[in-house]
Amino acid sequence: MSDSTPSMIILTVPGMGSDHCAGIVRKTLERLDGVGTIQTNIASHHVSVTIEASGPDGDTLKKAIEGAGYDVAAVQSDQEDAESDTEIEEAYLSQARKRLIIAAIPTTLIMLLMIPHMFWQPIPGYLAIVALLAFPVVFLYGGIATHKSTWRSLKNGTFNMDVLISMGSLPPYLIGLIGFVYPMTSFIEMAATIMTFHLLGRYLEALAKGRASQAIRRLMTLGAKTARVERDGEEIEVPVKELAPGDIMIVRPGDKIPTDGEVVEGESHLDESLATGESIPVYKSTGDSVIGATINKEGRLRVKATRVGGDTFLSQVVRLIDQAQGSRVPIQEFADRMTGRFVPMVLLISLASLSVWLLLPDVMRPILDWGATFLPWVNPEASTPTLALIAAVAVLVIACPCALGLATPTALMVGSGIGAERGILIRSGEAIQTFKDVKVMVLDKTGTITRGEPKLTDAVTAEGVEETRLLTLAASVENASEHPIARAIVEGAKEHDVKPGEVSEFRSTGARGVSGKVGDETVLIGNRRLLEEEGVTGLETLDDAMAELEGKGRTVVIIAADGQALGLVAVADTLKEKSIEAIRGMHDLGLHVVMITGDNERAARAVADEVGIDEVQAGVLPEGKVDAIRALQKKHGNHVAMVGDGINDAAALKQANVGIAIGAGADVAIEAADVTLVRGELTAVVDAMLLSRATFGKIVQNLIWASAYNVAAIPIAAIGLLHPMIGVIAMTASSLSVIGNSLLLKQRFATSSPQGGSK
């Protein structure tokens with residue numbers, strides 16, 4: 001490659017079915033010069049490889065992976081072509097189904113012949129019939145892909161799981177052929193059954209993993225396929241892929257928003273449930289941002305496209321989930337170490353079992369005599385070579401580390417999918433493990449706990465003055481100002497059904513206040529110092545109310561007309577609707593909640609007292625937030641999470657052990673965070689923590705089950721108490737149980753509220 005900058009190549013490897021397989025692929029590619037980072041994702045079967053300057057091309061990577069025993073279905077330079085990925089997955093599933101059917105029919109016939117041959121009446125030419133029926137199962141369309149994979153794997157110096165299946169099926173078939181020249185027990189039935197159950201397991205795993213990763217597949221197909229745009233004064237329909245930033249899109253009622261944009265004309269309610277998990281439609285009008293793939297419920301909208309292709313919200317969500325599902329969890333390290341050495345170790349144990357049975361049969365037979373009292377498949381009367389082969393093959397087929405390799409990825413698949421459906425995007429598996437240990441939750445104030453915009457909260461009138469008159473005069477004068485506090489007073493008056501009147505002789509005195517004539521009255525609005533300077537009377541009657549409101553951290557302005565104080569209004573950055581509920585939920589989870597804000601102590605303390613925050617750090621500048629996080633980490637250990645929404649929070653989010661970005665905030669904060677909450681409400685933090693704890697719990701359960709299964713099953717097989725046919729069924733059941741346990745996460749969260757965690 002001649003390009004001097006690193007590039008990305010993405011390969012689709014359908015047979016990469018577990019983390020053990022993914023580990024072999026990674027190790028194979030790491031041997032190549034010029035390969036940078038490698039990320040595997042068994043959910044999407046993607047292998048993402050960063051190629052350095054003068055590194056290998058896609059064909060070289062493909063040949064290396066095929067050399068390790070895995071077929072490569074596609075080589076891409078990006079992940080935008082979701083449809084081709086879906087087609088590859090469907091083709092892989094279809095092929096697995098065909099192989100299973102072709103193997104199952106002859107194997108079923110073999111079983112139907114074997115039962116009467118063994119228990120009732122010997123069938124003439126039985127061995128020849130069975131050998132012919134089993135041949136296509138073991139050697140042709142049924143098993144050929146497995147044996148090819150085994151050969152390439154061994155030639156490449158790696159040991160994938162197909163090695164165990166080939167070693168468990170080929171020797172029994174070939175040894176069974178000796179029966180044509182020397183009377184002995186037939187093992188051909190065992191060879192066919194092992195291969196068939198292996199193919200059944202592969203097919204069922206593909207089906208179950210499809211269910212586990214269906215959230216990301218559903219997201220990838222949610223977007224609109226076409227868009228109506230204005231071109232040269234006409235409305236035309238174009239593919240969404242052809243949209244460019246600045247295009248004006250026409251969105252009719254019932255249509256999907258084609259791509260992220262901004263409303264330039266019209267008003268409507270949009271169903272944003274795919275992004276936020278909220279079922280209630282959201283009102284949108286001119287100037288509001290809209291998300292691609294959300295649904296326009298009623299009005300006609302003209303929307304200017306702002307982000308297209310891979311830059312859209314939906315694409316970013318898919319990318320985040322893909323990163324999460326392909327990420328590593330620290331607890332997985334011991335599983336990786338085990339599976340890396342597992343297959344060679346199993347081959348040695350199998351060989352040892354074979355040797356011990358052949359050399360010390362008298363020592364081993366008493367074990368079979370005992371086992372035969374409660375296990376119907378144990379036959380102590382069989383010949384020593386037969387018992388030795390049964391034990392060796394049983395070790396091979398029972399020991400596939402599929403379950404161990406599936407333990408972490410399947411839980412991550414399901415957990416990240418549930419999160420995406422609920423507006424919770426967890427970027428990495430490491431964040432899931434770290435999140436469960438969080439003891440301190442740090443919250444920014446503005447835009448996180450509060451709405452981030454001032455709102456009229458109180459109106460206090462002097463004796464004999466009506467509230468309507470006070471608000472009318474205040475709104476009339478402030479309507480001529482663009483100051484945020486002025487806009488809050490005007491909007492607050494409208495909420496009280498008060499419309500601003502005409503104002504003349506408007507004058508602003510900078511930060512201290514404004515004045516103007518409303519009808520015949522001269523109205524003055526501002527702080528106490530300004531009104532005292534202008535000689536306004538009656539101010540002392542408002543002192544108590546003013547002190548009380550300022551004590552709550554609110555900004556208070558006084559309204560006077562013709563030199564007489566009429567009352568005062570208070571403005572504050574109000575709480576988000578569910579902030580109190582969210583803080584209560586955090587306390588229920590045992591968290592110490594800290595607010596760090598640049599606001600003054602009085603305003604910060606007022607908000608903290610209202611929502612029930614444990615600790616307040618006020619007057620902290622953006623650059624001071626990182627130091628504040630470090631201090632908390634020193635005090636409480638590395639168990640600190642932070643929630644923020646602004647550019648000034650990005651560095652602190654990175655410093656925290658878990659950074660959580662409110663999705664409505666700045667892109668730079670979202671990029672810096674480990675977890676992104678698409679909903680702007682803090683209750684999603686509680687949901688995210690419950691989900692991370694539940695997901696990590698499933699990972700631990702899966703690893704314990706898979707490890708215990710192998711630790712218990714291999715010795716039982718080695719001493720001859722486990723028939724290979726039972727072993728291959730148990731191996732498949734073990735893998736499916738791990739996937740099934742992960743899918744139980746869906747049941748746990750299926751009936752939970754999007755704002756309150758599990759019921």
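The shown structure was predicted, so the numbers you read here are calculated from the model rather than taken from an experiment. All residue numbers in this chain count up from 1 along the given sequence.
- To the nearest 0.5 Å, atoms CG (Asp674) and OG (Ser692) are separated by 11.5 Å.
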Q: Begin from the C-alpha positions of Thr107 and Met195 and carry the test side chain to side chain contact (heavy atoms under 4.5 Å, CB included) through to its verdict.
A: CA-CA 9 Å; Thr107 302; Met195 183 58 71; over 6 Å; no
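- Counting only heavy atoms from C-beta outward, the side chains of Leu113 and Glu189 never approach each other to under 4.5 Å.
- Contact annotation: the side chain of Ile51 never approaches that of Met8 to less than 4.5 Å [non-hydrogen atoms, C-beta and beyond].
- In terms of heavy-atom proximity, Ser350 sits nearest to Ala392 at OG-O, 2.8 Å.
- Note that OG1 of Thr40 and CG of Leu29 are 9.5 Å apart. Values are rounded to the nearest 0.5 Å.
- Taken to the nearest 0.5 Å, the CG atom of Leu368 stands 11.0 Å off from the OG1 atom of Thr373.
- Ser355 places a side-chain N or O within donor-acceptor distance of the main-chain N or O of Leu351, the cut-off being under 3.5 Å.
- A heavy-atom distance below 4.5 Å is found between the side chains of Leu127 and Phe180.
- Remark: the Thr386 side chain and the Ser383 side chain contain an N/O donor-acceptor pair separated by less than 3.5 Å.
- Interatomic distance, Ile390 CD1 to Trp357 CH2, rounded to the nearest 0.5 Å: 9.5 Å.
- Counting all heavy atoms, side chain and backbone alike, Asp369 lies closest to Pro380 at OD1-CB, 3.2 Å.
- For the pair Glu52/Val35, no side-chain contact is recorded, criterion being any heavy-atom separation below 4.5 Å from C-beta on.
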Q. Passes side chain to side chain contact (heavy atoms under 4.5 Å, CB included), Ile424 versus Ile418? Steps please.
A. CA-CA 8 Å; Ile424 300 164; Ile418 292 169; over 6 Å; no
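- Checked against Leu61 for a side-chain contact (heavy atoms from CB on, under 4.5 Å), the options Thr28, Val72, Val49 give a single hit: Val49.
- Nearest heavy atom pair, residue Leu722 against residue Ala717, reads CB-CA, 3.8 Å.
- At most 12 heavy atoms of other shown residues, nucleotides or ligands fall within 6.0 angstrom of atom NZ in Lys148.
- Remark: the Ser737 side chain and the Trp705 side chain contain an N/O donor-acceptor pair separated by less than 3.5 Å.
- Nearest heavy-atom pair, Pro385 versus Leu358, reported as atom, atom and distance to 0.1 Å: CA-CD2, 4.1 Å.
- In this structure, CD1 on Ile367 lies 11.5 Å from CG on Leu387, to the nearest 0.5 angstrom.
- Here Phe435 and Phe696 keep their ring centres 6.0 angstrom or further from each other.
- Going from atom CD1 of Ile432 over to atom CE of Met689 covers 12.5 Å, rounded to the nearest 0.5 Å.
- Annotation: side chain of Leu744 is in contact with side chain of Lys698 (closest heavy-atom distance under 4.5 Å).
- Of all the heavy atoms in Leu745 and Val414, the pair that sits closest is CB-CG1, 3.8 Å.
- Here the closest heavy-atom approach between residue Ala104 and residue Thr196 is recorded as CA-CG2, 3.9 Å.
- At a cut-off of 3.5 Å, with distance as the only test, a side-chain donor of Thr50 or Thr37 sits close to an acceptor on the other residue.
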Q. Would Asn702 and Ser742 count as a side chain to side chain contact (heavy atoms under 4.5 Å, CB included) if you check the C-alpha gap in whole Å, the side-chain angles of each, and the deciding distance to 0.1 Å?
A. CA-CA 8 Å; Asn702 288 347; Ser742 298; 2.9 Å; yes
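- Remark: side-chain polar atoms of Ser169 are not paired, donor with acceptor, to backbone N or O of Ala191 under 3.5 angstrom.
- When side chains are defined from C-beta on, Leu133 does not count as touching Val137, because their heavy atoms never get closer than 4.5 Å.
- Between Val47 and Ile10, the closest side-chain pair of non-hydrogen atoms is not below 4.5 Å.
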Q.
Applying side chain to side chain contact (heavy atoms under 4.5 Å, CB included) to His46 and Leu11, what does each step give before you reach the verdict?
A. CA-CA 6 Å; His46 282 156; Leu11 303 101; over 6 Å; no
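- Taking the six-membered ring where the residue is Trp, Tyr173 and Phe139 present perpendicular rings, their angle passing 60° and hence far from 30°.
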